[in-house]
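Single-structure report; data block below.
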Amino acid sequence: MSQYQLLETAFYQQPTLQLAKELLGCTLVKISTEGTTAGYIVETEAYRGPHDRAAHSYNNRRTKRTEIMFKEAGHVYTYVMHTHCLVNVVSGEVEQPEVVLIRAVEPCEGVELMVERRGAMALKNLTSGPGKLTKAMGITMEDYGRRFDESPLFIAKGVAPEEISVGPRIGIANSGEAKDYPWRFWITDNSFVSR
DNA sequence: TGGAAGATGGTCT
DNA sequence: GACCATCTTCCAG
């Protein structure tokens, strides 16, 4: 898709908290046989390796599921939560299991296809949550292990956000002191953030 | 090998 | 705000 300018591999090789902020406003794109869907990333969360109790890689837990987190920055980490698939960007050095969770996007291409996949919904409900956006964009476990710097699932340049808000992460109440870390970032006043 | 837990979302009260 | 759908992963026994 030539109208999209892919982010270089080097973009992913910055500190995880910074990457989480830099990803805001970038364009997440998925190309499938049904068509292309794309959205501006408006909300992210950072999960930082061995010392973050909320991370799957806490205490260097290395399993079949978390294996990808130990690889180079820029890989795709998808996993299933209840009935939904969630998508993350691997960051950090090799052997440093850190990721950025993409929690919400603002649709910018393929809205009709998103509506079809999600069922008739208000525009604001299409992609305003980590499980919603993967369903709307057709992101599944098939994408596990791919790279964000190449088709069919990639991230391209977008628009710089005017203002960024910071706060504690969502849905990790059982993670002890980690639940209060201010590692959630979103574009201030954007109506597509998850809550 | 069975059971419990989980970075969620939709529905109903 | 509470409940549950539904599935993978992991660990105890």
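Note that these values count all heavy atoms, side chains included, but never hydrogens, waters or copies made by symmetry. Predicted model, so just to flag it, every value in this text is computed and none were measured. Chain A is the first sequence line, chain B the second, and so forth, proteins listed ahead of strands; every chain is numbered from 1.
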Closest of B:dA7, C:dT9, C:dT6 to the A:His82 side chain is C:dT6
Check: Is the distance from OP1 or OP2 of B:dT8 to the nearest side-chain N or O of A:Arg103 less than 4.0 Å?
Finding: yes
Rounded to whole Å, CD1 of A:Ile170 lies from P of B:dT8 at a distance of 8 Å
Assign each of A:Asn125 and A:Arg65 the nucleotide of DNA chain B bearing its closest heavy atom; nearer the 5' end lies the nucleotide of A:Arg65
Across every strand shown, the nucleotide meeting Watson-Crick or G-U wobble geometry with C:dG1 (both distances under 3.5 Å) is B:dC12
Is the shortest side-chain heavy-atom distance between A:Val100 and A:Thr16 below 4.5 Å?
yes
From NZ of A:Lys135 across to P of C:dC7 the rounded distance in Å is 13 Å
note: A:Ile139, atom CD1; B:dT8, atom P; distance rounded to Å ~ 16 Å
(Q) Taking the six-membered ring of A:Phe154 as reference, does the cationic atom of A:Arg147 (NZ for Lys, CZ for Arg) lie under 6.0 Å from its centre and within 45° of its axis? (A) no
Separation of C:dT8 atom P from A:His84 atom NE2, nearest Å, is 14 Å
When rounded to whole Å, the CE to C1' distance for the pair A:Met121 and B:dT11 reads 12 Å
Problem set entry | cation_pi(A:Arg103, A:Trp186) dist<6.0 Å, angle<=45 | no
| message | Less than 4.0 angstrom from a charged side-chain N to a carboxylate O is my criterion; do A:Arg169 and A:Glu45 meet it? | response | no
Of B:dT8, C:dC10, B:dG6, the nucleotide closest to the side chain of A:Asn174 is B:dG6
A:Ile172 near the nucleic acid: base, sugar-phosphate alone, or nothing, with a heavy-atom cut-off under 4.0 Å? sugar-phosphate
Exercise for the section: Describe the nucleic acid contact of A:Ser175 in one word from base, sugar-phosphate, nothing, applying a heavy-atom distance below 4.0 Å. Expected result: nothing
**Any A:Arg118 side-chain N or O less than 4.0 Å from OP1/OP2 of B:dG10** = yes
A:Tyr58 atom OH is separated from B:dA5 atom P, nearest whole Å, by 19 Å
Applying the 3.5 Å cut-off to both distances, the Watson-Crick or G-U partner of C:dC7 turns out to be B:dG6
Walking DNA chain C from its 5' end, the first of A:Thr66 and A:Thr83 to be reached, judged by nearest nucleotide, is A:Thr83
- Message: Using a 4.0 Å heavy-atom cut-off, does A:Arg61 contact any base of the nucleic acid, only the sugar-phosphate backbone, or nothing at all?
- Response: sugar-phosphate
Between CG of A:Leu86 and C1' of C:dT9 the distance, given in whole Å, is 15 Å
Between A:Arg62 and A:Glu95, does any NZ, NE, NH1 or NH2 come within less than 4.0 Å of an OD or OE carboxylate oxygen? yes
Atom CE of A:Met81 and atom P of B:dG10 are separated, to the nearest Å, by 14 Å
- Mark this stacking check for A:His56 against B:dA7 as yes or no, applying ring centres under 5.5 Å and ring planes under 30°. yes
